[in-house]
Protein chains: 2
Amino acid sequence: MPKTTLLIADDHQVVIAGIRSLLASKTDIEIVGEAANGAEAVELSRELKPDIVIMDISMPEMDGVEATGRIREVSPETKIIIYTMHSDQRFILELFKAGISGHVLKEGPPADLCAAVDAVRVGKTCFTTIDPAALLLKLTPERPGREALFEQLSPRELEVFKLLADGLSVKEAAARLHISPKTVETHKYNLMEKLDVGTIPDLTKLAIRHGLISV
Amino acid sequence: MPKTTLLIADDHQVVIAGIRSLLASKTDIEIVGEAANGAEAVELSRELKPDIVIMDISMPEMDGVEATGRIREVSPETKIIIYTMHSDQRFILELFKAGISGHVLKEGPPADLCAAVDAVRVGKTCFTTIDPAALLLKLTPERPGREALFEQLSPRELEVFKLLADGLSVKEAAARLHISPKTVETHKYNLMEKLDVGTIPDLTKLAIRHGLISV
DNA sequence: ATCCGCTGTGGGGAAATTCCCCATGCCCGC
DNA sequence: GCGGGCATGGGGAATTTCCCCACAGCGGAT
């Protein structure tokens with residue numbers, strides 16, 4: 001069996017070095033290239049057609065999400081493993097759609113990356129953080145058991161949640177509830193923390209998924 | 001670390017024996033039970049609360065799909081790996097919803113099962129045949145009939161529209177498109193004018209209604 | 001009885017974002 | 001060649017956000 005060829009794309013040299021040392025023990029893997037940004041990764045993928053690309057998400061020039069899409073165009077056989085930090089979780093769906101084969105967290109044990117490479121090499125997928133089932137559930141609307149998510153919210157928070165998700169500004173929501181905008185802000189801050197969402201649109205989508213507001 | 005406890009459910013003794021021999025080399029795994037049908041598997045799971053259940057789909061009494069759902073009720077911590085034949089692919093979606101952690105084909109290399117057990121044991125998932133991305137795509141069909149509203153938008157505006165509606169900040173969208181945040185702001189201002197919406201959530205809902213982004 | 005934790009109410013203040021205007025270069029149609 | 005949409009950005013005031021804090025009421029633990 002010929003060696004598995006690998007391309008590493010990360011804008012931090014130290015990470016590339018780390019990956020190299022992680023994979024050093026694997027003699028049947030050859031690292032054929034390094035890229036410091038997404039654009040380079042795409043270009044090198046076009047030239048080298050590596051079996052696997054290990055890629056970060058946040059990179060200058062072109063981020064990993066877009067690079068993933070382009071690499072799949074220029075080298076469809078190439079499998080892509082996203083190796084990134086927890087905060088990038090929000091791109092997961094897009095990455096799924098773009099067709100990644102694996103997703104590994106940098107803060108996890110280094111062996112995770114090896115495992116992912118091994119899995120992808122033989123045509124499987126490997127996702128360390130993501131429960132594909134959970135992700136699928138999010139996408140299938142009629143799901144029951146939605147209350148689970150909202151019983152963590154207090155009644156007032158739920159109220160604020162609905163208003164904000166529906167498009168009211170903090171100020172408008174405050175007027176509607178006859179309380180200070182600062183109070184609404186506090187509720188907003190807390191509920192977004194509880195629901196683990198970072199943006200208003202995410203809030204909106206969550207509310208829609210759970211039937212709290214209509215599309 | 002305590003041993004990982006395992007339950008095997010298959011209506012063919014020979015398969016159980018095969019699995020046992022496959023896993024024999026793993027000293028940190030203990031097979032705590034065997035079930036010959038789904039009902040038994042559920043009952044044993046309730047009693048034994050195994051870490052992992054390896055289960056066939058086609059079984060008498062109760063099939064693997066229903067058994068999966070019940071096991072998740074009686075022993076939520078138990079991870080379930082489906083070990084089955086190719087023809088059972090059609091149950092995949094349902095199994096996903098029920099919350100399986102792995103899916104391995106019997107006709108594949110035996111090592112696949114070991115790999116899946118290893119993966120599941122450390123909290124990951126393992127799917128040998130299924131491309132989660134493809135599955136996700138199936139569930140997010142492109143809806144037609146959107147052009148009407150959006151032909152008023154220029155291509156670039158549409159791009160910005162999708163990103164913003166999906167939850168990216170102006171700055172993030174700018175990074176994604178490799179342009180200045182100010183430019184994105186301009187696009188945002190113009191497209192919101194064109195679409196006659198005043199808030200980001202309205203943008204999000206509009207995008208969802210027209211299938212530009214998924215909920 | 002007391003203490004803890006949650007909830008609802010608000011404030012402070014720096015930082016970031018928004019909003020609206022403007023400017024430039026470009027290409028395309030007329 | 002000239003008007004007009006398009007894509008690209010800047011300026012700057014105004015607003016909002018973000019994340020800390022405070023305090024009062026209240027219900028459940030110990």
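Reminder, nothing fancy here: chain letters follow the sequence lines and each chain counts from 1.
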Exercise for the section: May I have the distance from B/Leu168 (atom CG) to C/dT18 (atom P), rounded to whole angstrom? Expected result: 12 Å
Handout entry: Atom pair distance, as rounded to whole Å: CD1 in B/Ile200 and C1' in D/dT17
Key = 14 Å
Practice task
Give one of base, sugar-phosphate or nothing for A/Pro155, where a contact means two heavy atoms less than 4.0 Å apart.
Solution key: sugar-phosphate
Practice task
In whole angstrom, give the distance that lies between atom CD of A/Glu193 and atom C1' of D/dC20.
Solution key: 12 Å
Handout entry: Pairwise side-chain contact, A/Ile80 with A/Arg72, heavy-atom cut-off 4.5 Å (strictly under)
Key = yes
Exercise for the section: Round to a whole Å and report the spacing from NZ of B/Lys194 to P of D/dG4. Expected result: 15 Å
Handout entry: Spacing between A/His187 atom NE2 and C/dC6 atom P, to the nearest angstrom
Key = 16 Å
Problem - Separation of atom CD in A/Glu157 from atom C1' in C/dT7, rounded to whole Å - result: 8 Å
Practice task
Give the rounded distance in Å between these two atoms: CG of A/Asn190 and P of D/dC19.
Solution key: 12 Å
Exercise for the section: Give a yes-or-no answer on whether the side chains of B/Asp51 and B/Thr5 include a donor-acceptor pair shorter than 3.5 Å. Expected result: yes
Exercise for the section: State whether the distance check finds a donor on one side and an acceptor on the other, under 3.5 Å, for side chain B/Glu185 versus base C/dC19. Expected result: yes
Handout entry: Nucleotide of C/dG8, D/dC18, C/dG11 approaching A/Tyr189 most closely (side-chain heavy atoms)
Key = D/dC18
Practice task
Would you kindly compare A/Thr186 and A/Lys171 by the position of their nearest DNA chain D nucleotide and give the one closer to the 5′ end?
Solution key: A/Lys171
Practice task
Kindly say if A/Lys182 contacts the phosphate of C/dT9, meaning a side-chain N or O under 4.0 Å from OP1 or OP2.
Solution key: no
Problem - Distance test, side-chain N/O of B/Thr183 to OP1/OP2 of D/dT8, below 4.0 Å - result: no
Exercise for the section: Answer with yes or no whether the side chains of A/Glu66 and B/His178 bring together a donor and an acceptor at under 3.5 Å. Expected result: yes
Practice task
Please check if the side chain of B/Asn190 supplies one atom and the backbone of B/Thr186 the other of a donor-acceptor pair under 3.5 Å.
Solution key: yes
Practice task
Spell out, as yes or no, whether a donor-acceptor pair under 3.5 Å connects the side chain of B/Glu40 to the backbone of B/Ala36.
Solution key: yes
Practice task
Report yes if a side-chain nitrogen or oxygen of A/Lys188 is closer than 4.0 Å to either non-bridging phosphate oxygen (OP1 or OP2) of D/dC18; otherwise report no.
Solution key: yes
Exercise for the section: Report the distance from atom CD of A/Glu159 to atom P of C/dG8, rounded to the nearest whole Å. Expected result: 10 Å
